[in-house]
Amino acid sequence: MKKTLILLTHFIVFNFFLLAQDDNILIVKFQVQNREDAGIAGAQVQVLQNGKNFTTASSDASGNIQLRLPLNNDYSIIITKPGNITKRFNVSTRGATIEEGKKNIYQFEVEAIRIYEPFEDVDYSVLNQPLFNVTYNPKGNKFDVDKASIESIQQQLSQLFKSEAEAKKKKKEAEKKYQDAIKKADAAFQKNQYEQALSAYKEALSLKPNEQYPKGQIALVEKALAEQKAKADAEAKAKAELEAKYNAAIKKGDDAFTKKDWNTAKNAYNEALSYKPNEKYPKDKLAEIEKNIAE
């Protein structure tokens, strides 16, 4: 009973008795759903008859599919959509009662086949085999799921569900770390703390490598850092040039002072002050010159 309940998380089976219609066929109906049990439009269904392509179909806006399968054949039903896992099941329409002179219609419904984006690091190879087989059951003149086919895959499905649950937990934890890193990075970026912002955005990107937001923010931060460096380099260059001019003027003044060439010395020290108005040394030397001239 427990195994059956686990299996029903991926599909729920309903059976319908013989109906009076137009052809000798089995009508198979099911809905393609996502993890949240919502119908998926545009899912592709491929039907193989005795191993060869028989027909294809797409789920409607509500995710519903209806297939008309002639009796006395074997079918494989494969449900796919780009970016999602693939599910499949088998249907054998052999052995069904066919009354001569009448057109016999059977119906069978699988309420839900769930497909969704796979979790990373989860082994989905079990889904390379059919989830179940549908066969004719003479008791009640109906089609039913073969219980043996369910039991043969149940243990593997149980392990898959366990792996998905663990992956879901890890994904949730990674999402929290990602959001925390983004929050930290955004706050640093707003304060122009670019190095801290860059580190946090890179941390976020390591958690979700395909996210565009941290990629875009990293580009902005690197641009800001480049502009900041260019500005700092320009300021450093200007400061070095100013320092060189100041030192040259001081040397010229000191040389002239030694020679008691007061006018040249005064001009040189005043030039030095034009570069660094707050420097004490050229002011002191100018004061000495004035004193020497007065004496």
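If you read the sequence from its start, that first residue is 1, and numbering goes on from there.
- Tracing side-chain contacts under 4.5 Å through hydrophobic residues (I, L, V, M, F, W, Y), one never reaches L48 starting from I65; they form parts of separate clusters.
- Between K252 and E271 no salt bridge is recorded (no basic side-chain N to carboxylate O distance below 4.0 Å).
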Exercise. Tell me, with the steps shown, if K176 and D180 meet salt bridge (charged side-chain N to carboxylate O under 4.0 Å, His left out).
Key: CA-CA 6 Å; K176 184 179 184 305; D180 289 345; 3.1 Å; yes
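- Donor-acceptor pairing under 3.5 Å is recorded for the side chains of D186 and Y213.
- One distance of note links CD1 of I25 with CD of Q107; it measures 8.5 Å at 0.5 Å rounding.
- S163 places none of its side-chain heavy atoms less than 4.5 Å from the side chain of Y124.
- Taking each heavy atom of A41 and K81 in turn, the nearest pair found is O-NZ, 2.8 Å.
- Within a 6.0 Å sphere centred on CD of E117, heavy atoms belonging to other residues, nucleotides or ligands number 12 at most.
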Practice problem: Take K285 and K266 through the side chain to side chain contact (heavy atoms under 4.5 Å, CB included) test and state the conclusion after the steps. | Solution: CA-CA 8 Å; K285 299 305 286 185; K266 283 177 67 175; over 6 Å; no
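- Under a 3.5 Å cut-off, the side chain of Q31 and the backbone N or O of S62 do form a donor-acceptor pair.
- The environment of NZ in K283 is crowded: more than 12 heavy-atom neighbours from other residues, nucleotides or ligands sit within 6.0 Å.
- Formation of a donor-acceptor pair under 3.5 Å by the T55 side chain with backbone atoms of V47 is not found in this model.
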Exercise. Apply side chain to side chain contact (heavy atoms under 4.5 Å, CB included) to T86 and L127, showing your working.
Key: CA-CA 7 Å; T86 296; L127 300 181; over 6 Å; no
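- Screening K171, Q179, K172, E173 against E175 for a side chain to side chain contact (heavy atoms under 4.5 Å, CB included) leaves a single residue, Q179.
- For the pair S206 (side chain) and E203 (backbone), a donor-acceptor distance under 3.5 Å is present.
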Practice problem: Apply salt bridge (charged side-chain N to carboxylate O under 4.0 Å, His left out) to the pair D233 and K229, showing each step before the final yes or no. | Solution: CA-CA 6 Å; D233 289 347; K229 184 178 183 302; 2.9 Å; yes
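- Side-chain contact, T80 with Q44: no donor N or O sits under 3.5 Å from an acceptor N or O.
- N133 and T135 form no side-chain donor-acceptor contact under 3.5 Å, judged by distance and modelled atom types alone.
- At distances below 3.5 Å, at least one donor-acceptor pair connects side-chain atoms of N84 with backbone N or O atoms of P82.
- Relative to the ring axis of F119, K168 does not place its NZ or CZ within 45° and under 6.0 Å from the centre.
- Side chain of S59 to backbone of N64: no donor-acceptor contact under 3.5 angstrom is found.
- Contact detail for P118 and I85: the closest heavy-atom pair is CB-CG2, 3.7 Å.
- Among all heavy-atom pairs drawn from F143 and A96, the shortest one is CZ-CB, 3.9 Å.
- Here the OH-CZ distance, from Y201 to F189, works out to 6.0 Å after rounding to the nearest 0.5 Å.
- Considering all non-hydrogen atoms of both residues, L205 and P214 come closest at CD1-CG, 3.9 Å.
- Considering NZ of K183 and OH of Y178, their distance stands at 15.0 Å, rounded to 0.5 Å.
- Between D37 and R114, at least one side-chain nitrogen of the basic residue sits less than 4.0 Å from a carboxylate oxygen of the acidic one, meeting the salt-bridge criterion.
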Practice problem: Check step by step if side chain to side chain contact (heavy atoms under 4.5 Å, CB included) holds for Y106 and I27. | Solution: CA-CA 6 Å; Y106 292 84; I27 298 175; over 6 Å; no
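- Remark: side-chain polar atoms of R88 are not paired, donor with acceptor, to backbone N or O of I78 under 3.5 angstrom.
- Within 6.0 Å of NZ on K208 lie more than 12 heavy atoms contributed by other residues, nucleotides or ligands.
- Among all heavy-atom pairs drawn from N104 and N24, the shortest one is N-OD1, 2.8 Å.
- Under the side chain to side chain donor-acceptor pair (under 3.5 Å) rule, S158 has a single partner from Q154, Q155, K162, Q156, which is Q154.
- A salt bridge links K251 to D255: at least one charged side-chain nitrogen sits closer than 4.0 Å to a carboxylate oxygen.
- For the pair N141 (side chain) and P138 (backbone), a donor-acceptor distance under 3.5 Å is absent.
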Exercise. Please step through side chain to side chain contact (heavy atoms under 4.5 Å, CB included) for the pair Y246 and E279, ending with a clear verdict.
Key: CA-CA 10 Å; Y246 172 81; E279 285 295 316; 3.6 Å; yes
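- Judged by distance alone, with hydrogens and angles left aside, the side-chain atoms of Y269 form a donor-acceptor pair with the main-chain N or O of D254 at under 3.5 Å.
- Summarising the geometry of N34 relative to E36, their closest heavy-atom pair is OD1-N, 2.9 Å, with the distance given to 0.1 Å.
- Judged purely by atom type and a 3.5 angstrom limit, R68 has no side-chain atom pairing as donor or acceptor with the backbone of L26.
- Atoms OH and CG, from Y75 and L69 in turn, are 5.5 Å apart once rounded to the nearest 0.5 Å.
- The CD atom of Q212 sits 12.0 Å away from atom CD of Q217, with the distance rounded to the nearest 0.5 Å.
- Using modelled atom types, one finds a donor on one side chain and an acceptor on the other under 3.5 Å when comparing E164 with Y116.
- Ring-plane geometry between F89 and F30 is classed as perpendicular, the angle between the planes exceeding 60 degrees on a 0 to 90 degree scale with a lower cut at 30.
- Between Y136 and T93, every side-chain heavy-atom pair lies at or beyond the 4.5 Å cut-off.
- Note that the CG atom of D146 and the OG atom of S92 stand 10.0 Å from one another [nearest 0.5 Å].
- Side chain to side chain, S76 and N90 meet the donor-acceptor criterion of an N or O pair below 3.5 Å.
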Exercise. Decide salt bridge (charged side-chain N to carboxylate O under 4.0 Å, His left out) for K276 and E243; before the verdict, give the C-alpha distance in whole Å, the side-chain angles of both, and the deciding distance to 0.1 Å.
Key: CA-CA 9 Å; K276 291 187 174 184; E243 188 71 22; 2.4 Å; yes
